[in-house]
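Just below is one structure, and these are the notes that go with it.
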Amino acid sequence: LFQGKLISVESFEEMKQTVNNTKGEPAYGLGLDYAKENNIIGWGHSGGGLGAGCILYHYPEKDVTIFLGVNMCTLLESPATDQIEKMRVEIFDVLFSE
């Protein structure tokens, strides 16, 4: 997708036109989720259900694509979801440290 092999550059740029969340921050494009980790913009998508979830994002500035999947507790708030979020933050900190 980011190499221009799946869709035209024009279509890809249109996909990255985001709508803002209630805080006025970019949130979502056409089929692409906007993410900002450690001030680095990424594009991808996430999903979850009872007992499983994943994220897949590409960070063009770093030329890094990351997939994280878990098979527990993604929709229900619990100590496990807190631990999963802490692990996610630690992974991104390692990936994007200078």
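Side-chain atoms are counted along with the backbone in the values below, which use heavy atoms only and exclude waters and symmetry mates.
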Requested in this report: Apply side-chain hydrogen bond (donor to acceptor under 3.5 Å, both in side chains) to N21 and Y28, showing your working.
Outcome: CA-CA 8 Å; N21 63 20; Y28 199 83; over 6 Å; no

Query raised in the report: Run the side chain to side chain contact (heavy atoms under 4.5 Å, CB included) check on M15 and I7 step by step: do they pass?
Result: CA-CA 10 Å; M15 289 177 72; I7 61 174; 3.4 Å; yes

Query raised in the report: Less than 4.5 Å apart, any side-chain heavy atom of F96 and any of N39?
Result: no

Query raised in the report: How about R88 and L68: do any of their side-chain heavy atoms sit closer than 4.5 Å?
Result: yes

Report task. Please find out if less than 6.0 Å separates the ring center of Y59 from that of F2. Result -> no

Query raised in the report: Hey, what do you get for CD1 (I41) to NE2 (H58), rounding to the nearest 0.5 Å?
Result: 12.5 Å

Report task. State plainly whether one hydrophobic cluster holds both V89 and I84, where clusters connect Ile, Leu, Val, Met, Phe, Trp and Tyr through side-chain heavy atoms under 4.5 angstrom apart. Result -> no

Requested in this report: Return the minimal non-hydrogen interatomic distance between T18 and P26, and the atom names on each side.
Outcome: OG1-CB, 3.5 Å

Requested in this report: Please report the shortest heavy-atom distance between F67 and C54, naming the atom on each side.
Outcome: CE1-CB, 3.6 Å

Query raised in the report: Going through the checks in order, is the salt bridge (charged side-chain N to carboxylate O under 4.0 Å, His left out) test met by E37 and K62?
Result: CA-CA 11 Å; E37 298 285 342; K62 295 288 188 175; over 6 Å; no

Requested in this report: Would you name the heavy atoms of L1 and L6 that are closest together and state the gap between them?
Outcome: N-CD1, 3.6 Å

Query raised in the report: So which heavy atom on K16 is nearest to which on L32, and how close?
Result: CG-CD1, 3.9 Å

**Report entry** F12 side, atom CZ; K5 side, atom NZ - distance, nearest 0.5 Å
**Finding:** 14.0 Å

Query raised in the report: Just wondering, do L95 and I66 contact through their side chains at under 4.5 Å, heavy atoms?
Result: yes

Query raised in the report: Can we call the ring centroids of W43 and Y34 under 6.0 Å apart?
Result: yes

Report task. For the pair E25 and N20, evaluate side chain to side chain contact (heavy atoms under 4.5 Å, CB included) and give the outcome as yes or no after the intermediate values. Result -> CA-CA 5 Å; E25 302 162 334; N20 292 339; 5.9 Å; no

Query raised in the report: Should we count CD of E14 as having more than 12 external heavy atoms under 6.0 Å?
Result: no

